[in-house]
Amino acid sequence: MTFFIYDSFSREKKKFEPINSNNIRIYACGPTVYSYAHIGNARMSVVTDLLVRVLKTIYSNVKFVSNITDIDDKIIEASISSGKKIQDITEKFHEIYNNEMKSLGVNKPDVQPKATDHINEMIEMIKSLVEKNAAYVVDQHVLFDVSKYKYYGKLSRRTKEEQIAGSRVEVADYKKNPEDFILWKPSKKNEPSWNSPWGEGRPGWHIECSAMSEKCLGTPFDIHCGGVDLRFPHHENEIAQSCSLIGNDCKPDKFSKYWFHNGFVTVNGEKMSKSIGNIQLVNDILKKYSGNVIRLSLLSSHYRQPMDWSEKILDQSKKTLMRFNKTLEENGVKKKDNNIMKNQHMSEFLEALYDDLNTPKALAVLNGWFEKLKKKDLPNDLIVHLIESAINILGLNLKEEKNNSENVINENKKKVIEKMIEDRQIARQNKDFKKADEIRDKLKKMNILIDDTTEGTKWILND
RNA sequence: GGUGCGGUGGCGGAGAGGCUACGCACCGGCCUGCAAAGCCGAGUACACCGGUUCGAAUCCGGUCCGCACCUCCA
């Protein structure tokens, strides 16, 4: 089967034809680690994780690199305002980020390079750009000369004229062209700095991704991922830097063959911002919902669509997962089909994902299998195995979900719950339904849901 | 001002010229002491105005509205 990818450079859906099918290479711009991850970071992470998982169903060798930005103005600000060391901040939030993403079912990238480990590579790259006359030095700054790269603006489809007309920011006087951007800048005192041919300083933001993708993957690579907001200027500048190393007329696809941009997450229709105070931190959402619920919520709309985040989505996903869970619990697979991935029903599911990661459609196929299970249209074993496999491809981990729920409750609390259920059972037998319902309400307040079945009363933690 | 994306039933959300998307909620029924869950069933839709067509939610033109980017941003 063939994977189709929407390439946001050409703005069309394309057949995915890897540069080397034995070695698929993907790069994603990772987070700046100065604070907890928000749901927008999570969307990018979950969606690229799915992309990698889906490609792995076709190609045996997929290498995924996603960086950590650990030197940046925002980090310096965070350091000044908190009085903490920069490294303490970045190490802390790097670890938190990885843990949070893990709980969302995101596999760790094969390589997770840090910007500060690649300063030398960046300096070398900047040196080459200066030698090639693609960059110039002014007062210890090194700037990329946009006029020297033929295809500048092709990714975001912007012309220089438009940018000048719409510029909202005053242009620094050392720039030759208003859209020239910083490759290297001097550090102020107390700011982190590295020695360079242009004096003590630090790199601009864009150069790190050019340096790290080159080092970890080599160019050209297959897919470059990131949020749409990075399309301009970040990705545009990455192309300019990386391609200018080859030549001023080097085509953008010599850097990355396809561009993959995920849509924005808003909250109540607005962008998340500190001033509005509507930033949805993964850390906070995880206090109320499991990582699986968050993951399914993020996958319930197509990755390129804008997504307005709300608790409604979470509640809906939670119900869906409870349904999945129940079905799988009640129906174990006895005989596994080794060729499940080649099963015609599975193909229908995969086709949806191979169509530019159409997760809503894939979920609809999955729901269709539940219908077949009820109607007994297919052998029970096969359907349940299909469901299990599909859930697995989506990166949802229902077993973990269940274990978590059991682990949260300690033995003492378990005993209390079981005693209450027993008391309720006695009350019911005595037709004292008022008492029985009171106990049920009490349990509900403890976040315990009960279920009277023919095999007795079952309970689950409603997390 | 420029560049993109989008407006689908109560809500979420695919599809994309003729065929029930799907899920949640709601309503009716079964089951239950009652719930919950589950099962069976019904309903509701393509922003607006023109055009093309035998036929348009889907194509074309226009209008309105929303969001994002152009400054650090996922």
Side-chain angles (χ1 to χ4, degrees), chain A residues 8 11 28-32 34 37-48 66 69 72-75 77 153 155-159 161-170 178-179 181 205 225-234 236 261-266 269-274 279 296-297 299-302 304-310 312-320 322-323 326-327 330 352 355 358-368 370-371 374-375 427-434 436-437 440-441 443-444 449-454 457-460 462:
Chain A
S8 65
R11 315 271 165 111
C29 293
T32 303
Y34 68 109
H38 59 240
I39 195 66
N41 295 305
R43 186 180 199 190
M44 174 267 159
S45 202
V46 164
V47 157
T48 50
S66 186
T69 298
D72 163 279
D73 289 349
K74 290 194 296 293
I75 299 172
E77 277 169 33
L155 173 69
S156 53
R157 303 201 176 176
R158 284 160 214 270
T159 63
E161 292 71 27
E162 285 160 8
Q163 284 177 70
I164 294 163
S167 181
R168 285 194 247 149
V169 167
E170 269 190 55
E179 60 278 53
F181 56 91
W205 173 41
C225 314
V228 266
D229 54 318
L230 292 187
R231 183 153 47 195
F232 188 88
H234 186 55
E236 191 74 72
H261 286 115
N262 64 273
F264 226 73
V265 180
T266 54
E270 281 178 308
K271 182 176 166 167
M272 287 184 280
S273 77
K274 277 183 188 164
I279 295 179
L296 181 61
S297 300
L299 295 180
S300 66
S301 66
H302 185 84
R304 276 190 281 120
Q305 292 296 115
M307 183 172 201
D308 198 36
W309 188 252
S310 73
K312 270 189 193 165
I313 299 169
L314 287 161
D315 288 332
Q316 198 175 312
S317 301
K318 185 169 150 184
K319 280 191 181 172
T320 304
M322 278 168 91
R323 203 179 82 227
K326 202 172 176 190
T327 303
E330 287 167 0
D355 181 16
N358 192 336
T359 47
K361 198 173 175 186
L363 288 166
V365 174
L366 186 55
N367 275 312
F370 281 85
E371 198 61 27
K374 284 181 216 161
K375 299 255 161 75
R428 288 177 74 207
Q429 274 157 15
N430 296 334
K431 308 256 182 222
D432 185 356
F433 297 120
K434 196 183 164 210
D437 291 348
R440 182 169 58 201
D441 287 347
L443 282 164
K444 198 178 174 187
L449 298 181
I450 59 169
D451 180 12
D452 296 325
T453 72
T454 47
T457 302
K458 291 180 181 170
W459 64 271
I460 57 159
N462 180 33

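- At a cut-off of 3.5 angstrom, counting only N and O atoms as typed in the model, there is no donor on one side facing an acceptor on the other between the side-chain of H261(A) and the base of A74(B).
- Side-chain N or O atoms of T359(A) include one that pairs as donor or acceptor with a backbone N or O of L299(A) at under 3.5 Å.
- Relative to the side chain of S301(A), the nucleotides G13(B), G4(B), C69(B) differ in distance, and G13(B) lies closest.
- Contact detail for E236(A) and S156(A): the closest heavy-atom pair is OE1-OG, 2.6 Å.
- The residues K374(A) and E371(A) are annotated as salt-bridged, a charged nitrogen and a carboxylate oxygen being separated by less than 4.0 angstrom.
- Residue G227(A) is in sugar-phosphate contact alone, with no base atom involved, counting any heavy-atom pair closer than 4.0 Å across all strands shown.
- The residue H38(A) sits close to a base: some heavy atom pair falls under 4.0 Å.
- To the nearest whole angstrom, the two P atoms, one in G7(B) and one in A14(B), are 9 Å apart.
- Rounded to a whole angstrom, the distance from the P atom of G4(B) to that of C19(B) is 34 Å.
- Across all strands shown, T32(A) has heavy atoms under 4.0 Å from sugar-phosphate atoms exclusively, and none from any base.
- Side-chain nitrogen and oxygen atoms of T320(A) include none within less than 4.0 Å of the OP1 or OP2 phosphate oxygen of C24(B).
- Distance check on atom C1': C48(B) versus C54(B) gives 26 Å, rounded to whole Å.
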Show each protein N/O and nucleotides 36-43 of chain B N/O combination with a separation under 3.5 Å, one pair to a line.
{"from": "A36(B)", "atom 1": "N1", "to": "D451(A)", "atom 2": "OD1", "distance (Å)": "3.3"}
{"from": "A36(B)", "atom 1": "N3", "to": "D451(A)", "atom 2": "OD1", "distance (Å)": "3.3"}
{"from": "A37(B)", "atom 1": "O2'", "to": "K326(A)", "atom 2": "NZ", "distance (Å)": "2.2"}
{"from": "C39(B)", "atom 1": "OP1", "to": "K374(A)", "atom 2": "NZ", "distance (Å)": "3.2"}

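- At least one donor-acceptor pair under 3.5 Å links the side chain of R43(A) to the backbone N or O of G263(A).
- Applying the Watson-Crick and G-U wobble criteria (two distances, each under 3.5 Å), U20(B) pairs with nothing in any strand.
- Closest to the P306(A) side chain, of the nucleotides A74(B), C5(B), C70(B), is C5(B).
- The nearest whole Å value for the distance from the CZ atom in F181(A) to the P atom in C70(B) is 15 Å.
- Residue N367(A) has no polar side-chain atom (N or O) positioned under 4.0 Å from OP1 or OP2 of A21(B).
- In this entry A25(B) has no Watson-Crick or G-U wobble partner, no candidate having both defining distances under 3.5 Å.
- Under a 3.5 Å cut-off, the side chain of N358(A) and the backbone N or O of A352(A) do not form any donor-acceptor pair.
- Taking atom CD of Q305(A) as the reference point, atom C1' of G66(B) lies 13 Å away to the nearest angstrom.
- Atom NZ in K361(A) sits 14.5 Å away from atom CG in L366(A) (nearest 0.5 Å).
- Between the P atoms of C40(B) and A25(B), the separation comes to 15 Å (whole Å).
- Nucleotides C34(B) and G43(B) are separated by 29 Å at their P atoms, to the nearest Å.
- For the pair L363(A) CG and C24(B) C1', the computed distance is 13 Å after rounding to whole Å.
- G55(B) is unpaired under the Watson-Crick or G-U wobble criterion, no partner having all donor-acceptor distances under 3.5 Å.
- Using modelled atom types, no side-chain atom of N430(A) and backbone atom of D432(A) make a donor-acceptor pair closer than 3.5 Å.
- Residue-to-nucleotide contacts include a donor-acceptor pair under 3.5 Å from the side chain of R440(A) to the base of C34(B).
- Taking a pair to require two hydrogen-bonding distances under 3.5 Å in either a Watson-Crick or a G-U wobble arrangement, G43(B) remains unpaired.
- Taking atom CE on M322(A) and atom P on G23(B), their separation rounds to 18 Å, with Å as the unit.
- Across all strands shown, V365(A) has no heavy atoms under 4.0 Å from either base or sugar-phosphate atoms.
- Two residues, G368(A) and P360(A), neighbour RNA chain B, and the one matched to the more 5' nucleotide by heavy-atom proximity is P360(A).
- One atom, CG of L366(A), and another, P of G23(B), lie 11 Å apart when rounded to the nearest Å.
- Distance check on atom C1': C65(B) versus C49(B) gives 15 Å, rounded to whole Å.
- In this structure, R428(A) atom CZ and A35(B) atom P are separated by 13 Å, rounded to whole Å.
- Atoms NZ (K361(A)) and P (U20(B)) sit 15 Å apart, rounded to a whole Å.
- Taken from CZ in F370(A) to OG1 in T327(A), the straight-line distance is 4.5 Å, to the nearest 0.5 Å.
- S45(A) places no side-chain N or O within donor-acceptor distance of the main-chain N or O of A42(A), the cut-off being under 3.5 Å.
- Which of C67(B), C70(B), G4(B) sits closest to the side chain of F232(A) comes down to C70(B).
- To the nearest angstrom, P of A14(B) lies 13 Å from CG of L296(A).
- Not a single donor-acceptor pair, N or O on each side, falls under 3.5 Å between the base of G15(B) and the side chain of N358(A).
- Across all strands shown, C31(B) remains unpaired; no Watson-Crick or G-U wobble contact has both distances below 3.5 Å.
- If F433(A) and S156(A) are placed on RNA chain B by their nearest nucleotide, the residue sitting closer to the 5' end is S156(A).
- Comparing C11(B) with A16(B), their C1' atoms are spaced 23 Å from each other, to the whole Å.
- Between A57(B) and A45(B), the distance separating the two C1' atoms is 8 Å to the nearest Å.
- Here the side chain of A364(A) is nearest to one of C22(B), C72(B), C70(B), namely C22(B).
- For the pair D437(A) and R440(A), the salt-bridge criterion is met [side-chain N within less than 4.0 Å of a carboxylate O].
- Pairing partner, G61(B): C49(B), with both Watson-Crick or wobble hydrogen-bond distances short of 3.5 Å.
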